[in-house]
Amino acid sequence: MQLRKALTDCNGQGTVEFAIVAAAILAIIVALGVIWNLGDAGILVEHALRSASHNIEEAAAGIIGDIFCY
């Protein structure tokens, strides 16, 4: 009888739900802080510029090849 009461007792459910939500919110805040620091250091802009110039160079070579082969 005592085991059945322990299995159906919901006294700690709110605490567990709060802990899960608090951990998720804390993880989001930490992730936003990391992204903010990367943006402040210029790493995100540098990565975007490197990626854009790499894609432009490949696209330009393909376009020139298409023009001359056509």
Side-chain angles (χ1 to χ4, degrees):
M1 186 71 176
Q2 204 171 26
L3 180 62
R4 177 173 284 175
K5 183 180 177 189
L7 291 176
T8 59
D9 191 20
C10 294
N11 284 338
Q13 181 180 357
T15 304
V16 172
E17 290 175 357
F18 176 78
I20 291 171
V21 170
I25 290 174
L26 183 63
I28 291 170
I29 291 171
V30 169
L32 288 174
V34 169
I35 292 172
W36 183 274
N37 286 335
L38 289 175
D40 194 33
I43 294 173
L44 295 177
V45 174
E46 182 180 340
H47 178 67
L49 290 175
R50 285 185 183 176
S51 297
S53 65
H54 180 72
N55 288 333
I56 290 172
E57 289 172 359
E58 285 183 5
I63 291 171
I64 293 172
D66 286 342
I67 291 172
F68 286 124
C69 290
Y70 184 65

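It should be emphasised that the depicted structure is a prediction, and the values quoted were computed from it without experimental measurement.
- Listed by chain and number, the residues in a side-chain contact (heavy atoms from CB on, under 4.5 Å) with Ile35 are Leu44 (sequence neighbours excluded).
- At a threshold of 4.5 Å between side-chain heavy atoms, the hydrophobic network of Ile, Leu, Val, Met, Phe, Trp and Tyr places Trp36 and Val45 in two separate groups.
- If you run side chain to side chain contact (heavy atoms under 4.5 Å, CB included) between Leu32 and each of Val34, Ile29, Ile28, Val30, only Ile28 comes through.
- Every residue two or more places apart in sequence or in another chain that forms a side-chain contact (heavy atoms from CB on, under 4.5 Å) with Ile20 is listed here: Val16.
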